[in-house]
Structure formats: structure tokens, C-alpha cells
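Have a look at the structure below, then the notes.
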Amino acid sequence: MIKTGKIAKIAIICGFLVMLFPSCGKNAVQIKRMQAMEEGVSNPTTAEEFELAIKKYQDRVADIEAANAQIGIWYKLLGTRYLDKKMYKLALEAFQKATEYYPTNQNLYYYVGACAGYMAAESLDFKATGSYTQRINYLKLAESAYLQAIKLDGRYTKALYGIGVLYVFELDRNAEAIPYLEKLLTIDTNHTDGMFALARAYYYTGQFENAVAMYDKIISSTKSDEKRMQAESNKREVLNAYGKN
């Protein structure tokens with residue numbers, strides 16, 4: 001005779017198995033039968049048999065989790081290989097697939113944003129329809145991906161710069177770019193490209209003095225002669241624009 005404690009234990013284990021293997025349509029019985037054959041578990045009745053069944057299925061779940069984790073990593077590696085070869089569409093597809101396995105990885109969303117940005121730049125109206133829907137959709141995807149990366153990590157400098165560049169150079173939404181680029185420069189104070197983007201955003205929102213100050217900062221801090229000369233040229237343009245030259 002099975003004791004009361006044993007009965008309660010069996011009931012709990014049965015409930016656990018029901019949660020693990022809920023009905024999934026007409027194939028549910030078939031799937032369970034295949035699993036039983038593979039694991040050597042058929043119709044457990046005693047507490048010990050239920051415990052053994054759970055252990056075997058838990059091991060199977062662990063194997064599946066490990067396999068899925070590896071698949072996600074492979075998709076990421078595949079995406080980076082395609083990105084290195086400038087095969088942006090294939091890279092984008094691989095990174096999007098990787099997010100299915102790692103939905104909280106900010107790096108993957110950054111790469112999705114970067115690839116979508118590249119695809120937007122390369123989107124041509126091959127059928128000469130006069131429509132730029134594809135380009136616009138890629139830009140929207142880039143924006144949402146960068147914002148998701150920032151949501152996951154508010155100090156992620158690559159994504160802060162990415163969204164800033166997107167707003168300034170692609171979408172003409174300079175005012176929206178400013179807070180992201182300003183935050184970027186509080187984290188990475190020597191991010192010269194971020195300074196250029198921010199100075200441009202200041203200029204196009206009428207903040208001429210802030211733009212000049214940002215170009216002065218580049219001039220005094222950069223070790224690149226080319227960037228120093230570009231900053232000096234941009235500064236003269238700003239000064240001419242608001243009558244200070």
C-alpha cells in the first residue's frame with residue numbers, strides 16, 4: 001500500500017509532467033510516445049518511477065537548451081562573417097535570427113540596426129516606381145533596433161552613437177539626436193565622431209554657439225590632422241552662418 005506522503009508526492013510529480021508536456025494538438029500523443037521510446041520511460045506509476053522519468057526529461061530539456069544556446073551563438077558568428085564581407089542583407093537576417101535565441105542581448109540589436117542602416121543606404125528603386133518604401137522601412141528597423149539596444153543598456157555607446165547618426169544624417173531629426181549624443185560624450189569624452197555628429201545637430205537646431213564650442217573641443221583634443229582641419233572648416237561655416245566672422 002502506498003502511504004499518504006507517497007500519494008501526495010506522486011500527485012505533485014504528475015502535475016509537473018503535465019506542465020512539461022501539455023497537449024499540443026493531434027500530434028501530442030505521438031510526440032510523447034517518441035519521447036518515451038527515446039528515454040526508456042513509458043507509464044510510470046510509483047513515486048520512484050515518476051522521479052526517474054522527471055530526471056530523464058529534465059536532462060533532455062537541458063540538452064535542448066544547450067543546443068539552442070549554441071545555435072544562437074552560431075547565428076551571431078555567421079552575421080559577423082557576412083558583415084565583414086559587406087553582405088549586409090544576409091548579415092541582417094542572421095542577426096535577427098540570433099535575437100530569437102538571445103532576446104536580451106543589446107549587441108545583437110546594435111548589429112541589426114547597423115545592417116539595416118547599410119541596407120537603407122543601398123536600397124534603390126530598381127523598378128523606377130518613385131517609391132522609397134523599402135529604404136524607409138529599413139530606417140525604421142534601424143531606429144527600433146538601436147532604441148532596443150539602449151533600452152537594454154542605457155550606457156551602450158555604440159547604440160547611442162548609432163541612433164545619433166541615424167537621426168542627424170538620415171532622418172533629419174537633429175533635436176532628437178542631441179540627448180543621445182550628449183549622453184554618449186558623458187561616457188566616452190573623447191568620441192570625436194560623436195562630437196562631429198553633435199556639433200552638426202547643434203548647428204541644424206540653431207544652437208550655433210554650442211556647435212562652435214563642440215568644434216573647438218575637437219580641434220583641441222584630436223590627434224588627427226584631417227579631423228582637425230575638418231573641424232576648423234565646419235567652425236568657419238557656422239561662424240559665417242550667424243554673422244560672427
Side-chain angles (χ1 to χ4, degrees), residues 76 79-80 82-100 102-125 131-208 210-211 213-215 217-218 222 224 226-227 230-231 234 237-238:
K76 180 181 178 181
T80 57
Y82 282 138
L83 188 58
D84 290 341
K85 294 180 180 294
K86 299 183 180 180
M87 302 168 71
Y88 301 123
K89 188 175 188 300
L90 292 174
L92 175 59
E93 291 172 356
F95 287 127
Q96 285 179 311
K97 200 69 181 175
T99 63
E100 295 177 14
Y102 292 102
T104 59
N105 187 311
Q106 66 272 20
N107 297 296
L108 294 176
Y109 291 103
Y110 165 75
Y111 284 123
V112 168
C115 290
Y118 285 125
M119 289 303 299
E122 295 182 356
S123 294
L124 300 176
D125 184 17
S131 172
Y132 294 93
T133 301
Q134 187 178 53
R135 180 177 184 276
I136 293 168
N137 287 341
Y138 275 126
L139 291 175
K140 287 180 178 179
L141 174 58
E143 179 185 15
S144 63
Y146 286 137
L147 291 176
Q148 180 64 15
I150 294 167
K151 181 180 178 181
L152 292 168
D153 182 358
R155 293 177 60 82
Y156 189 20
T157 56
K158 286 185 177 180
L160 291 169
Y161 177 66
I163 194 69
V165 167
L166 185 70
Y167 283 153
V168 172
F169 294 98
E170 297 292 345
L171 298 175
D172 194 25
R173 290 159 58 180
N174 294 281
E176 293 177 66
I178 290 173
Y180 292 107
L181 292 170
E182 287 180 338
K183 184 171 184 178
L184 164 66
L185 293 175
T186 65
I187 300 166
D188 184 353
T189 57
N190 295 316
H191 199 298
T192 306
D193 291 335
M195 294 180 201
F196 272 109
L198 181 55
R200 182 184 174 95
Y202 283 147
Y203 175 70
Y204 281 102
T205 55
Q207 301 180 56
F208 299 121
N210 285 342
M214 190 55 57
Y215 286 128
K217 185 174 181 180
I218 296 171
T222 185
S224 167
E226 181 181 353
K227 290 183 177 181
Q230 184 62 56
N234 291 358
E237 183 180 337
V238 174

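Source: prediction; values computed, not measured. Counting begins at 1 with the first residue of the sequence.
- Look at Lys89 and Glu93 and you find a salt bridge, because one of the NZ, NE, NH1 or NH2 atoms lies within 4.0 Å of a carboxylate O, short of that distance.
- Not a single donor-acceptor pair under 3.5 Å links the side chain of Tyr118 to the backbone N or O of Met87.
- With rounding to the nearest 0.5 Å, the separation of OH in Tyr215 from NZ in Lys227 is 13.5 Å.
- Heavy-atom minimum distance, Gly113 versus Ala142: O-CB, 3.4 Å.
- Side-chain contact between Leu141 and Leu92 is present, with at least one heavy-atom pair separated by less than 4.5 Å.
- At a threshold of 4.5 Å between non-hydrogen side-chain atoms, the residues Tyr161 and Asp188 do not count as touching.
- The shortest side-chain heavy-atom distance between Tyr203 and Asn174 does not fall under the 4.5 Å cut-off.
- Atom-to-atom distance recorded for Leu160:CG and Lys183:NZ is 6.5 Å, nearest 0.5 angstrom.
- Using a 4.0 Å cut-off between charged side-chain N and carboxylate O, Lys86 and Glu122 make no salt bridge.
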Next item on the list: In sequence, state the C-alpha distance, the side-chain angles, and the governing distance for Tyr146 and Tyr109, and then conclude on ring pair (Phe, Tyr, Trp, His ring centres under 6.0 Å).
Entry: CA-CA 6 Å; Tyr146 286 137; Tyr109 291 103; over 10 Å; no

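- Partner of Leu198 under the side chain to side chain contact (heavy atoms under 4.5 Å, CB included) criterion, chosen from Met214, Lys217, Gln207: Met214.
- Atom CG in Asp153 sits 13.5 Å away from atom NZ in Lys151 (nearest 0.5 Å).
- In summary, Lys140 and Glu143 do not engage in a salt bridge, as defined by a charged side-chain N under 4.0 Å from a carboxylate O.
- The backbone N or O of Tyr202 sits less than 3.5 Å from a side-chain atom of Thr205, completing a donor-acceptor pair.
- Taking 4.5 Å as the limit, some side-chain heavy atom of Ile150 sits within range of a side-chain heavy atom of Tyr180.
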